[in-house]
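Residue numbers start from 1 in every chain, and the chains themselves are labelled A, B, ... in the order their sequence lines are given, proteins ahead of strands.
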2 protein chains.
Amino acid sequence: MKCVTTTRKPNARDRILRTAAQLFHERGYGGVGINEIIEKAETAKATFYHHFPTKESLCEAWLEAAHENSECNRQKLLEGPGTAIDKLDLYFSKLGEYLAASDFRGCPYSNTATVTCTGGGEALVRQVMDHKLSIRDFFRKLAMEFSGSEERAREVGDSLFLLYSGATTEAQNLRVLWPVEAAKRTARELCEAEKCR
Amino acid sequence: MKCVTTTRKPNARDRILRTAAQLFHERGYGGVGINEIIEKAETAKATFYHHFPTKESLCEAWLEAAHENSECNRQKLLEGPGTAIDKLDLYFSKLGEYLAASDFRGCPYSNTATVTCTGGGEALVRQVMDHKLSIRDFFRKLAMEFSGSEERAREVGDSLFLLYSGATTEAQNLRVLWPVEAAKRTARELCEAEKCR
DNA sequence: TATAATACAGACAGGTTTGTCTGTCAAAGA
DNA sequence: TCTTTGACAGACAAACCTGTCTGTATTATA
């Protein structure tokens, strides 16, 4: 029943998903068509629609895979060594590397949300929200390390979350890295101010 | 030569620009076609292309008009009464009202930038940058009021700018107002921390 | 060996998009 | 009065888009 181990060609579904991930990230969900995806993935249209009922379902699969990956990275960072400030520093450094490497394409979720706001896509909207709230939670957990109360940690976590989001957005708009550096610095200042509260 | 005073019908160009502004803001540049614009503006396609050589030029005109308006508002706020903290509070309050009133459509410039990243549009990219840098400057000027040095004002201004951007982005993604409230609170904390530095 | 699943190729439908073009009409100014 | 200008109507082209469909080939498993 399930398509478990049985595949004889290099797996068309994976090729499609990988190709779509790259193209969607580079040019956005609306900027890439099915035809280009299947062409670059070297597959047939019938094969595509065998694995994905619609283009939107491909988008969902892409965002879901990306979300699992990013959440795993945040989890590893949380569980790793170092203080919260160290981890924040590392997180923003990695963010800068990621943005520069992807030619300042910004956050795939935010970018997708701006395109799919109209025309149904309720599942996509939900996915974007879940991802964002997961990142918000990550910063909240970090803030727990140095904030007095849980309530205060929520506040500080939200501050860090906004700095992260703003840095990502404006690095994309301005195609520069200073927003990430500014966010990193502000985050550090925020944490230090919090410790002597 | 110039189209100065002479118009006999209620001015088709204005109608097109006004209609486009509304539709672009509601559904994004890529989500609205020429046909819908001219239909809702009750004009003809030939008239449209008489005033705007391309769809992109219409987008430029839209963003330019919006930029002038928003810059004027910021200037008035800067010149108005009250402390910098008062002005920041007011600014974020107005931002929340704006986002809620426009059904959390976020920043038109950022939204446009995600769509037009590919396919030329060098002028549009420049317009987005100019707008963003103008807002950055606004926060920098506010920070000058309570920051010790000009250098420090630049840093604090950037922090505020990122909070603003993050709040706008995440209010759009999550369709809620708390990011704006969190940004307002963090901005206030930042200012107060700066004063006793 | 037979079956079922996966893959391929590519035509096709029906819709959208931007932009061009032809031609008519009304009114302001020379 | 005549010319110019802006506006109107709408057909049309050419390119895209998503999704359907027919038909064939390969291969693992029952």
Side-chain angles (χ1 to χ4, degrees), chain A residues 1-20 23-24 26-62 112 115-124, chain B residues 1-20 23-24 26-62 112 115-124:
Chain A
M1 190 62 87
K2 300 261 193 79
C3 58
V4 212
T5 53
T6 68
T7 40
R8 62 234 68 174
K9 280 280 183 76
N11 202 339
R13 191 181 190 278
D14 272 13
R15 252 159 37 224
I16 292 169
L17 202 45
R18 244 186 282 270
T19 308
L23 294 176
F24 281 162
E26 280 174 13
R27 308 212 305 273
Y29 174 70
V32 185
I34 298 288
N35 293 324
E36 184 181 357
I37 293 171
I38 61 172
E39 186 188 336
K40 292 231 165 75
E42 290 181 305
T43 186
K45 190 171 275 195
T47 306
F48 173 88
Y49 280 102
H50 174 75
H51 291 290
F52 301 97
T54 61
K55 184 191 177 189
E56 198 172 299
S57 72
L58 171 66
C59 186
E60 287 172 32
W62 163 53
T112 303
V115 173
T116 59
C117 68
T118 324
E122 194 51 49
L124 285 177
Chain B
M1 190 65 85
K2 300 262 192 76
C3 57
V4 214
T5 51
T6 67
T7 39
R8 60 234 66 168
K9 280 279 184 76
N11 201 340
R13 191 182 192 276
D14 272 12
R15 253 159 36 225
I16 291 169
L17 201 45
R18 243 186 283 270
T19 307
L23 293 176
F24 282 162
E26 280 174 12
R27 306 212 306 273
Y29 174 69
V32 185
I34 298 287
N35 293 326
E36 183 180 357
I37 292 172
I38 61 171
E39 187 188 335
K40 292 230 166 73
E42 290 181 305
T43 185
K45 191 171 273 195
T47 307
F48 174 88
Y49 281 101
H50 173 74
H51 291 288
F52 302 97
T54 62
K55 184 191 176 189
E56 198 173 299
S57 71
L58 172 65
C59 187
E60 286 172 32
W62 164 52
T112 303
V115 174
T116 59
C117 68
T118 324
E122 195 52 49
L124 284 178

message: Between T47(B) and dG6(D), is there a contact of a side-chain N or O with OP1 or OP2 at under 4.0 Å?
response: no
Partners meeting side chain to side chain contact (heavy atoms under 4.5 Å, CB included) with E39(B) (sequence neighbours left out): none
query: Given atom NE2 of H50(A) and atom P of dC8(C), what is their separation to the nearest angstrom?
result: 11 Å
message: Show, in sequence, the C-alpha distance, side-chain angles and deciding distance for T43(A) and T19(A), and conclude whether the side chain to side chain contact (heavy atoms under 4.5 Å, CB included) test is met.
response: CA-CA 11 Å; T43(A) 186; T19(A) 308; over 6 Å; no
Value in whole Å for how far the P atom of dA9(D) lies from CD of E42(B): 9 Å
query: In whole angstroms, how far is the C1' atom of dC8(D) from the CD atom of E39(B)?
result: 15 Å
message: Each nucleotide in nucleotides 17-24 of chain D should get exactly one letter: B, S or -. Can you fill that in based on protein heavy atoms under 4.0 Å?
response: SBBBB---
query: Roughly how many Å is it from CZ in F52(B) to P in dG19(C), rounded to a whole number?
result: 13 Å
- prompt: So among I38(A), T54(A), I34(A), which one has a side chain to side chain contact (heavy atoms under 4.5 Å, CB included) with Y49(A)?
  reply: I34(A)
- line: Those residues at least two apart in sequence (or on a different chain) that pass side chain to side chain donor-acceptor pair (under 3.5 Å) with K45(A) are N35(A)
message: Counting neighbours of CD on E36(A) that are heavy atoms of other residues, nucleotides or ligands and sit closer than 6.0 Å, is the number greater than 12?
response: yes
- prompt: Can a cation-pi geometry be assigned to K55(B) and Y29(B), taking NZ or CZ under 6.0 Å from the six-membered ring centre and within 45° of the ring axis?
  reply: yes
task: Check whether any side-chain nitrogen or oxygen of R15(B) sits under 4.0 Å from OP1 or OP2 of dC8(D), and answer yes or no.
output: yes
